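We name chains A, B, ... by the order of the sequence lines, and we start the count at 1 in each one. If you're wondering where the values come from, they're calculated on a predicted model, not measured in any experiment.
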Amino acid sequence: DAGVIQSPRHEVTEMGQEVTLRCKPISGHNSLFWYRQTMMRGLELLIYFNNNVPIDDSGMPEDRFSAKMPNASFSTLKIQPSEPRDSAVYFCASSPGDRGREETQYFGPGTRLLVL
Amino acid sequence: QQPVQSPQAVILREGEDAVINCSSSKALYSVHWYRQKHGEAPVFLMILLKGGEQKGHDKISASFNEKKQQSSLYLTASQLSYSGTYFCGTPWNTGKLIFGQGTTLQVKP
């Protein structure tokens, strides 16, 4: 299996620009998670989908952030407009979605975002 | 609420042992442990599902004390490859994991 695929791996943009991060979960996995990692705040869950439906978006920082999952094999996280404080590593993870407490999450390689 | 890990950082020499603790103010139904090497993604180590359970993975093992709402990760005879940040994760009823702040382990030759 190819694992969770994220693109791009690195993104450098200027403040005010739109940024779109992409994720392809492991085939057959029904749950998808977007995390943000910074030194200051650690590993934060932004949003969680199950069967393509957003279940918990309480971690989405503000209206500038939006996430979609149009089908079982693709999700996007969009930041518009981007700000320097959005600079972080963004991870996508997926899990089978049907194993309750035994759910194991598989992380993608991450996208390193730098907003200048 | 986020589980609390201790210590925040550990520096060891090869061959030494370490213990990383994870505690929660909420009832724990399972505990997940992940390791993240520098510049890489977190990788699943093990999951403990019930009180009193202990598991091992190479020379890394863990225990889960459900009553005390805590788990401990034991690294025995540490190797250079053990260096990284260790996270515990506790599930919420919506299906998500809440991760602790992480414990950074550095193993020196």
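Contacts between B:Q101 and chain A at a heavy-atom distance below 4.5 Å are absent for every atom of the residue. Of the two parts of B:L97, the backbone and the side chain both hold a non-hydrogen atom closer than 4.5 Å to a non-hydrogen atom of chain A. Of the two parts of B:Q36, only the side chain, counted from C-beta on, holds a non-hydrogen atom closer than 4.5 Å to a non-hydrogen atom of chain A. Heavy-atom distances place the side chain of A:Y35, and not its backbone, under 4.5 Å from chain B.
Residues passing the salt bridge (Lys or Arg N to Asp or Glu O under 4.0 Å) test with A:E14, sequence neighbours excluded: none. Every residue two or more places apart in sequence or in another chain was checked for a salt bridge (Lys or Arg N to Asp or Glu O under 4.0 Å) with B:E16, and none qualifies.
The aromatic rings of A:F33 and A:Y48 sit parallel, their planes meeting at an angle under 30°, below the 60° perpendicular limit.
Not one N or O on the side chain of B:Q70 forms a donor-acceptor pair closer than 3.5 Å with the backbone of B:S23.
For chain B, the option among A:Q105, A:E44, A:R41 with the highest count of heavy-atom pairs below 4.5 Å is A:Q105.
Using modelled atom types, one finds no donor on one side chain facing an acceptor on the other under 3.5 Å when comparing B:Y86 with B:T104.
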